[in-house]
There are 2 protein chains.
Amino acid sequence: MLEAKLAEAGTLKKLLDAIKELVTDANFECNEEGINLQAMDNSHVALVAVHLEAAGFKRYRCDRPMPLGVNLTSLTKVLKCAKDDDITTLKAADEADVLNLVYEAKNSDRIAEYDMKLMDIDSDTLGIPDTEYDARVTMPSAEFTRIVRDLSQLGESVRIEVSKEGVRFASEGEAANGSVLMKQTDGASVAGGNKIMAKTKREDGVDEEEQEGGEEEEQEEGGSKKAKKEKVKKEKTDGDVDMVVDDEEKEDGEEEFKPNSDDEEGEEEQGDDDENEDEDDDEEGGKKRKKKANGSAKPKKKAKTSSSSSSKSKLKKGKKEDDEDAQAITIEMNQHVSLTFSLKYLVNFSKSASLCPKVQLMMSNDVPLLVAYDFGQGYIRYYLAPKIGDD
Amino acid sequence: MLEAKLAEAGTLKKLLDAIKELVTDANFECNEEGINLQAMDNSHVALVAVHLEAAGFKRYRCDRPMPLGVNLTSLTKVLKCAKDDDITTLKAADEADVLNLVYEAKNSDRIAEYDMKLMDIDSDTLGIPDTEYDARVTMPSAEFTRIVRDLSQLGESVRIEVSKEGVRFASEGEAANGSVLMKQTDGASVAGGNKIMAKTKREDGVDEEEQEGGEEEEQEEGGSKKAKKEKVKKEKTDGDVDMVVDDEEKEDGEEEFKPNSDDEEGEEEQGDDDENEDEDDDEEGGKKRKKKANGSAKPKKKAKTSSSSSSKSKLKKGKKEDDEDAQAITIEMNQHVSLTFSLKYLVNFSKSASLCPKVQLMMSNDVPLLVAYDFGQGYIRYYLAPKIGDD
DNA sequence: CGCGCCGTCG
DNA sequence: CGACGGCGCG
């Protein structure tokens with residue numbers, strides 16, 4: 001059975017607000033680690049992944065993995081019945097067809113209880129490999145919201161370009177063209193040379209090895225090492241085409257959503273190859289990039305040899321500072337990237353700003369953008385394939 | 001070329017917000033004095049005139065007069081992309097077909113640049129004569145907003161009546177009738193006898209003669225003295241009929257919007273006939289009013305002889321006090337006026353309240369109302385013809 | 001200044 | 001019918 005007690009209903013409400021427009025039904029995959037939700041958006045262009053850490057709950061118990069098929073519209077309605085600061089307990093029996101929600105007012109003078117019907121949802125959970133990116137932009141989430149909403153007034157698409165200059169968002173439209181350039185806050189040169197990978201708050205301050213090995217629950221749940229070799233067809237079309245999974249090499253029943261294509265060796269995605277990993281990474285990343293019509297030099301390698309450990313600590317320091325000052329803008333770049341995305345989706349993603357004062361944009365050329373919001377109890381991550389004709 | 005640097009985008013944003021519903025396309029007439037915009041509203045019932053003083057810009061340069069044809073919807077969109085406190089630079093090359101806008105965040109970590117397409121717009125700029133009115137009400141702009149919004153819930157029209165009692169706004173509706181009476185703040189008797197003419201802030205404290213001669217750029221730009229004799233047909237209908245310009249006597253190519261009908265002599269609109277002007281005014285105004293079903297005595301003349309100079313200084317003092325205390329209500333009256341206007345338009349005009357804490361209502365019987373908001377860098381003025389059946 | 005409600009647009 | 005934006009209120 002599942003029993004998860006959340007200190008505040010607000011987190012859940014905001015989460016649902018953030019994704020309910022994108023996804024109508026989804027499985028809440030509950031296990032002893034916490035709760036995960038992963039789904040393609042309704043038009044199968046974007047992917048959203050939510051994680052709620054077991055430790056983030058006031059109380060958490062889940063004897064064995066159970067998927068709870070939830071209609072998000074229904075859950076949103078039920079959650080509207082909770083005040084933001086209500087203590088909220090989610091309960092589901094094994095094989096249950098209802099999710100029980102109990103809202104307890106802070107002062108306990110009110111207890112509300114709801115039973116929401118569950119549904120069976122085809123679990124097309126994709127394994128999302130932990131991928132290295134060429135660039136990460138960390139900025140105030142409100143700023144990101146602002147930029148994409150502004151530009152969405154002008155046109156449909158935005159080109160996001162990370163260079164030494166900073167990060168530029170540029171759109172073209174009927175009435176006007178617009179371009180927003182954000183520079184690293186302190187004017188320091190753009191950080192580079194460190195590995196740029198998604199990580200969660202709870203991983204701050206732990207060793208990088210640990211980060212790499214431990215951060216993607218999806219990996220442990222679904223993917224074997226062999227499965228890691230599966231390859232996503234990045235169909236970079238303008239609209240409604242799925243980010244489909246290539247069947248070749250698939251060896252277990254689970255599909256994998258794999259934004260990066262550094263897959264010939266694939267071992268760097270595992271946490272068990274430790275320090276050698278960096279070098280492997282560079283080799284593989286470099287090879288791959290060449291193959292992909294981006295044959296520029298590998299600044300990553302150079303940077304790595306010159307400043308690997310220092311830039312690692314710098315990265316961590318930067319992240320801490322962001323926590324202290326949500327206004328900071330940090331740009332890490334190992335490679336110039338320039339990608340074009342649908343503003344409609346980015347505007348949608350940016351709703352999650354209420355969950356977290358900052359957002360990370362992780363990019364590599366020709367690879368889906370990762371938009372990540374990390375909050376205390378977990379994260380919400382969006383993946384969006386670039387449009388074709390980008391550059 | 002034009003290059004105009006504004007300390008805060010907010011001013012421009014508020015201006016556009018204020019007029020974009022009224023007007024869709026308009027020429028920004030730029031010259032070395034500043035920027036002017038003048039347009040009839042879409043249904044040609046009201047006229048809006050905006051002036052931005054060159055001196056109000058952080059930097060201003062305009063080599064030669066250039067009209068920039070702007071779609072206000074587009075400009076509004078582009079301005080939405082600016083934060084209120086962004087330093088904003090407008091640039092346009094000679095004969096350019098785009099307006100370049102650069103927004104620079106106060107801390108310079110963000111620079112956004114937009115290019116907005118320009119269009120050719122028939123420049124039907126009207127010369128707006130500097131007219132003397134029978135009454136001026138200066139009141140907190142929020143108060144005006146409130147009153148017209150309140151009354152608009154009851155009916156379509158408001159009768160605005162200025163008398164010794166104060167200024168009364170009265171509406172009649174199906175469900176209820178309403179009347180709001182505002183008295184001069186300090187309870188002092190209503191000022192009268194001075195010339196009541198629109199003036200801008202920068203003119204405070206200069207001689208009245210200078211005010212009269214120098215305050216309407218539209219005059220210098222467009223109207224000759226002969227043109228002043230042109231006469232507006234005041235078609236005082238409820239809705240869609242233009243405030244058209246009468247062709248008779250028109251001697252240059254420029255049309256003129258002429259809210260006052262003291263036009264047989266017409267010279268009082270020039271600054272060069274000084275003190276005698278008042279008497280001419282009274283004669284002409286009186287004649288005209290008689291012709292138009294307002295045959296009341298001419299209190300203006302009496303007031304002038306008794307308190308002309310003292311009330312002039314009082315007027316200036318009153319305006320200064322308004323600057324100090326935006327809550328003050330000042331009523332100046334040379335003649336009882338009673339006019340009826342469409343509330344829909346007044347509600348629309350009152351949006352400009354965000355630009356300036358006070359508003360001036362200038363009225364003469366049977367003449368378009370002038371609603372004027374003066375802010376630091378310029379002004380926005382609305383003219384609205386009275387409805388028939390007023391009084 | 002932030003939140004909630006109403007109206008408009010997709 | 002739902003979402004987004006604007007306006008009004010506390």
Side-chain angles (χ1 to χ4, degrees), chain A residues 8-10 13-25 41-43 45-46 48 71-86 140-157 173-175 239-240 326-327 342-355 357 382, chain B residues 8-10 12-24 42 72-85 106 140-154 343-355 357:
Chain A
E8 305 204 333
K13 294 174 72 169
K14 284 178 211 151
L15 261 176
L16 266 288
D17 279 345
I19 65 173
K20 71 173 195 292
E21 194 181 330
L22 223 47
V23 180
T24 56
D25 304 299
D41 82 293
N42 292 328
S43 46
V45 173
V48 56
N71 175 286
L72 299 191
T73 308
S74 300
L75 180 54
T76 301
K77 282 180 185 168
V78 175
L79 285 173
K80 286 229 174 89
C81 303
K83 292 182 65 180
D84 276 11
D85 61 351
D86 283 352
S141 54
E143 196 86 45
F144 180 63
T145 302
R146 173 79 198 210
I147 290 169
V148 294
R149 185 182 305 158
D150 282 354
L151 293 180
S152 72
Q153 294 192 96
L154 305 182
E156 308 261 298
S157 307
E174 294 288 293
D240 282 333
Q327 294 313 301
S342 155
L343 277 163
K344 176 167 156 278
Y345 282 93
L346 297 184
V347 168
N348 208 315
F349 300 167
S350 73
K351 284 191 205 170
S352 298
S354 61
L355 283 159
Y382 300 93
Chain B
E8 304 206 334
L12 213 46
K13 293 177 71 171
K14 286 179 207 150
L15 261 176
L16 266 288
D17 278 345
I19 64 174
K20 70 172 194 291
E21 197 177 326
L22 224 46
V23 181
T24 55
N42 292 328
L72 298 191
T73 308
S74 299
L75 181 55
T76 301
K77 279 182 186 172
V78 174
L79 284 173
K80 286 224 179 95
C81 302
K83 293 180 68 175
D84 276 10
D85 61 352
K106 275 259 144 57
S141 54
E143 197 86 46
F144 179 63
T145 303
R146 175 77 199 210
I147 290 169
V148 295
R149 189 187 304 153
D150 284 354
L151 294 180
S152 70
Q153 313 229 341
L154 305 182
L343 277 165
K344 176 167 157 278
Y345 283 92
L346 296 184
V347 168
N348 207 314
F349 300 167
S350 74
K351 284 193 210 166
S352 298
S354 59
L355 282 159

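Values in this document were obtained by computation on a predicted structure and should not be read as measured data. Every chain is numbered from 1, with letters handed out A, B, ... down the list of sequences.
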Any idea which heavy atoms bring [X] and [Y] closest together, and the distance?
| X | Y | result |
| --- | --- | --- |
| Ala353(A) | Thr145(A) | CB-OG1, 3.5 Å |
| Val148(A) | Leu343(A) | O-CD2, 3.7 Å |
| Arg146(A) | Ala82(B) | NH2-O, 2.9 Å |

[X]: partners by salt bridge (Lys or Arg N to Asp or Glu O under 4.0 Å), with sequence neighbours left out:
| X | answer |
| --- | --- |
| Asp17(A) | Lys20(A) |
| Glu8(A) | Lys106(A) |
| Lys14(B) | none |

Do other residues, nucleotides or ligands put more than 12 heavy atoms under 6.0 Å from [X] [atom1]?
| X | atom1 | answer |
| --- | --- | --- |
| Lys351(A) | NZ | yes |
| Arg149(A) | CZ | no |
| Gln153(A) | CD | yes |

Dump every N/O contact between nucleotides 5-7 of chain D and the protein below 3.5 Å, one line per pair.
| residue | atom | partner | partner atom | Å |
| --- | --- | --- | --- | --- |
| dG6(D) | OP1 | Lys80(B) | NZ | 3.0 |

Nearest whole Å is fine: how far is [N] [atom2] from [X] [atom1]?
| X | N | atom1 | atom2 | result |
| --- | --- | --- | --- | --- |
| Asn71(A) | dG2(D) | CG | P | 12 Å |
| Leu346(A) | dC4(D) | CG | C1' | 17 Å |
| Ile19(A) | dG2(D) | CD1 | C1' | 17 Å |
| Arg146(A) | dC4(D) | CZ | P | 17 Å |

Margin query: I'd like to compare against my own output: the B/S/- annotation of nucleotides 5-10 of chain C with a strict under-4.0 Å heavy-atom distance to protein.
Written below: ------
Measure all distances between protein nitrogen or oxygen atoms and nitrogen or oxygen atoms of nucleotides 2-4 of chain C, and list the pairs falling under 3.5 Å.
none

Notebook entry, point to check: Distance only, no hydrogens: is a donor on one side chain within 3.5 Å (strictly under) of an acceptor on the other, for Ser43(A) and Tyr345(A)?
Noted result: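 Looking only at side-chain atoms, Tyr345(A) and Ser43(A) do form a donor-acceptor pair, the distance falling under 3.5 Å.
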